[in-house]
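One structure is given here, and the rest of the page talks about it.
Being a predicted model, the structure only gives us computed values, none of them experimental. Lettering follows sequence order; numbering is per chain, from 1.
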Number of protein chains: 2
Amino acid sequence: MSTHEPEAGRFVYKYPHPAVASDLAIFGLRGGRLMILLIRRGGEPFLGSWALPGGFLNPTEDLDACARRELQEETGLEVAYLKQFGIFSAPDRDPRERVISVAYLALVPADRVNPEAGSDAADVAWRFVDDLPPLAFDHAEIIREATAALRREAEGLEILLNLMPRRFTLSRLQSAYEAICGASADKRNFRARILASGLVEATEEMERGSHRPAQLYERRPKVLNGE
Amino acid sequence: MSTHEPEAGRFVYKYPHPAVASDLAIFGLRGGRLMILLIRRGGEPFLGSWALPGGFLNPTEDLDACARRELQEETGLEVAYLKQFGIFSAPDRDPRERVISVAYLALVPADRVNPEAGSDAADVAWRFVDDLPPLAFDHAEIIREATAALRREAEGLEILLNLMPRRFTLSRLQSAYEAICGASADKRNFRARILASGLVEATEEMERGSHRPAQLYERRPKVLNGE
DNA sequence: CCAAAAGTGTTACTCGTACACCCATGT
DNA sequence: ACATGGGTGTACGAGTAACACTTTTGG
């Protein structure tokens, strides 16, 4: 449950201190639907329940580092985006002791959506965001807020690129937008908007299937000034 | 420095726990300039330095409650707006022990800008945001981020109402906008925009001075649906 | 030839912005 | 009378939203 040196030191304080942890809402896409990565808890409380990956803050790292480390340890995923979006501090949200949770939003590109890699946890699985199992602690609430934060950001389009594989069609991008925002968008307007934004550029490659081939695009590297 | 029961209990944990505190960036307006409330520290470290008001989280309250309580204890102010905007968690930001700071943005209406009321701290004072003294800890950084957050929100106008007295002229409101966003706005456009927003309504009252009397407006009570 | 998804332009409307003069009061 | 801020309307451009048909491939 924690990665501190396990030789059970005793840490004494004059006033009560909460434990501080980061929890990760890691989103990805599969089949055009929004998914979130859950782990099955291997210890009490909530043994066997699904929960967000996360863990306690180490003494030498800040919260961003903690989130990155937990991400690595529990899922082995490389994420394209990681940002703190909320804090959950109800005094009794963890029955063991007081735990303040700093919640992070993470996005995984669709071509590296295979978690098992470096997995610490007993069990890791992608679940549809709109069909979740019962969750440990207040993690259902955290996911609601994470989804809302993601939706808010998706309006700006840029964040969606973090859910795309290296090369992608504009249809895939639009489908990501629709999966996240709920609403369906007009194809022509969407394409015009994303092209006008300068965030992507066309490659020479085409994607083929049993339909007309589609232009593949990729994220344009960030430019700092001009052009 | 802390408001916990002072009978020095000993709190023992298996792993190191940080202290958790909330710090408050409390903004107000005076003479059309943006000010922030600072306290002078009455203890080590940084004895005598200016700092943001704030204090440690109690075991039975969540972070919002902690921020509200510290606000009351240290300044006695009633605020019209209080919202968490960031977390500061560098491992060495406090020389005594590790402290995670959850930072809040607070706004005080221009007619209750008198802090001394219920003051806990040795000294409390409003300072211009663009002319600050040296500050304790990483509070200069916290203020930079608070100001940026405030500016971002001020674009939407609504938050500005929290800096206004109960009744105010549109010129005052515009001047607040300009103080926060730096840019100067066109009077006609600003008025059209704020009126179109439906956030305010005209009262029967006028403000008088050595110039043409100005219509006083007040915040329109929130309506939930429709007209 | 059918199914499936790709691709493409124009028009109407809304919103933001630029811009300059007269008005009512206090001194 | 003059100084001080209050108050007002319009025209242009940019960006957003609505709208339907043709194209290319695989099976």
Tell me if a side-chain donor or acceptor on B:Arg127 pairs with a main-chain N or O of B:Ile36 at a distance below 3.5 Å.
no
Ring centroid separation B:Tyr177 to B:Phe190 under 6.0 Å:
yes
B:His211 atom NE2 is separated from D:dG5 atom C1', nearest whole Å, by 5 Å
It should be established whether B:Arg191 places a side-chain nitrogen or oxygen under 4.0 Å from OP1 or OP2 of nucleotide D:dG7.
yes
Can we say B:Glu155 and B:Arg151 salt-bridge, meaning some charged N sits less than 4.0 Å from an Asp/Glu carboxylate O?
no
Would the A:Phe137 and A:Phe46 ring centres measure less than 6.0 Å apart?
yes
Can you find an N or O donor on one side and an acceptor on the other, under 3.5 Å apart, linking the side chain of A:Arg212 with the base of D:dT23?
yes
Could I get the full list of ring pair (Phe, Tyr, Trp, His ring centres under 6.0 Å) partners for B:Tyr81, not counting sequence neighbours?
none
Tell me whether B:Glu201 is salt-bridged to B:Arg219, with the criterion being a basic N under 4.0 Å from an acidic carboxylate O.
no
Proximity to the side chain of A:Arg188 - top-ranked nucleotide from C:dT27, C:dT8, D:dT8:
C:dT8
Check whether any side-chain N or O of B:Arg208 sits under 4.0 Å from OP1 or OP2 of C:dG26, and answer yes or no.
yes
Rounded interatomic separation in angstrom, taking CG from B:Asn189 and P from D:dA11:
15 Å
Would you mind telling me which residue lines up with the more 5' stretch of DNA chain C, B:Gly209 or B:Arg193, judged by nearest nucleotide?
B:Arg193
Of all heavy-atom pairs between A:Gln174 and A:Ala185, which one has the smallest distance, and what is that distance?
NE2-O, 2.9 Å
Length of the CD1-P vector between A:Ile194 and C:dT8, whole Å:
15 Å
Over how many whole Å does the gap from A:Met206 atom CE to D:dT23 atom P extend?
17 Å
What's the CD-P distance between B:Glu155 and C:dG16, to the nearest Å?
12 Å
Quick one: A:Leu195 CG to C:dG7 P, roughly how many Å, whole number?
10 Å
Rounded to whole angstrom units, what separation is found between the CG atom of B:Asp186 and the P atom of D:dA11?
16 Å
For DNA chain C, determine which residues of residues 165-183 of chain A have any heavy atom closer than 4.0 angstrom to one of its atoms, and list them numerically.
A:Ser171
The side chain of B:Pro213 lies closest to which of these nucleotides: C:dC19, C:dA24, D:dG6?
C:dA24
May I have the distance from B:Phe190 (atom CZ) to D:dG7 (atom P), rounded to whole angstrom?
13 Å
